Amino acid sequence: MNLATTTIQNTNLMVNVDDLNSIREAIPQHVTLVAVSKTKPVSDIQEAYDLGVRDFGENRVQELLQKVGELPNDIRWHAIGHLQTNKAKQVANLAHLIHAVDSPRLFDALSKHASKPLDVLLQLNIATETSKHGFSESELLHALDNGLLSNPSIRIRGLMGMATFTSDENQIAKEFRTLRRVFDSLQLGDDFDTVSMGMSGDWKIAIEEGSTLIRVGSAIFGSR
Ligand SMILES: *Cc1c(COP(=O)(O)O)cnc(C)c1O
């Protein structure tokens, strides 16, 4: 494809193709890019799909259910948002990966509805904001030690976290480092291989600090 053609095609796209491509080129091979499509229409997702993206992230169950029905079935859907226990059933067997398991209660609810082993991440609260969800480090260790996060129908694939919303890159790096340190300290088996951290504003820092999966929305689809 020559440059002129690319430019003409891109003018009608909602996806920021240049930004998408530069992220894809910048990330190491072992890092997965999840395109966060929450609030964006199916047509935007289809555009990204046509550009080869297969991993998409949604944070609302209703929206996820609707989009799954309207889009190609080889998409890997990532449930990235806080999940209420009463929504566990709807998400359990739809999502490729459930990123935000933040309590033993939710873990139990998911295990009840698993028709095949479910892949999940445990959310660790690494931010200073009280509004953010997730286990504290001590809560997580307690839950693991007491067998509260153990069920044959659930595979714990790793940890997920969100850094504080701040322009202080040192603080962001420090929080991501904490997530990676806790991940490294846990011995949860060969399937435990995923560190989900990094969004539009901080994915570069996250990769430097050991992310294996970044969740990028606005840098690909524009602001919400
Ligand atoms: C919205 C969201 C993202 C993507 O945020 P951007 O800043 O748009 O990249 C990533 N992770 C979670 C959990 C989100 O809710």
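Remember, it's a predicted structure, so these values are computed and weren't measured experimentally. Read the numbers this way: they start at 1 and go in the same order the structure lists the ligands and their atoms.
Ligand 1 does not have H99 within reach: every non-hydrogen atom of the residue lies 4.0 Å or more from it.
Those atoms of ligand 1 that come under 4.0 Å of a heavy atom in S200, given as number and element, are 6 (P), 7 (O), 8 (O), 9 (O). Counting atoms of ligand 1 from 1 in the listed order, those under 4.0 Å from a heavy atom of M160 are 13 (C). Atoms of ligand 1 lying under 4.0 Å from at least one heavy atom of V216, given by number and element, are 9 (O).
Using modelled atom types, one finds a donor on one side chain and an acceptor on the other under 3.5 Å when comparing D50 with Q46. R224 and S218 form no side-chain donor-acceptor contact under 3.5 Å, judged by distance and modelled atom types alone. Looking only at atom types and distance, the side chain of Q66 has no donor-acceptor partner in the side chain of Q62 under 3.5 Å away. H30 and T212 are not linked by any side-chain donor-acceptor pair at a separation below 3.5 angstrom, with hydrogens and angles left out of the test.
Here the shortest heavy-atom distance to atom 2 (C) of ligand 1, taken over M199, K38, R215, belongs to K38.
Among protein heavy atoms, the minimum distance from atom 12 (C) of ligand 1 is reached at I80 CD1, 3.5 Å.
Side-chain rings of F192 and F183 approach one another, their centers coming within less than 6.0 Å.
Residue-level proximity to ligand 1 for H82 is absent, since no heavy atom of it falls below 4.0 angstrom.
Relative to the six-membered ring of Y49, R54 meets both conditions, a distance below 6.0 Å and an angle of at most 45° to the axis.
Of the N or O atoms in G201, none lie within a sub-3.5 Å distance of an N or O in ligand 1.
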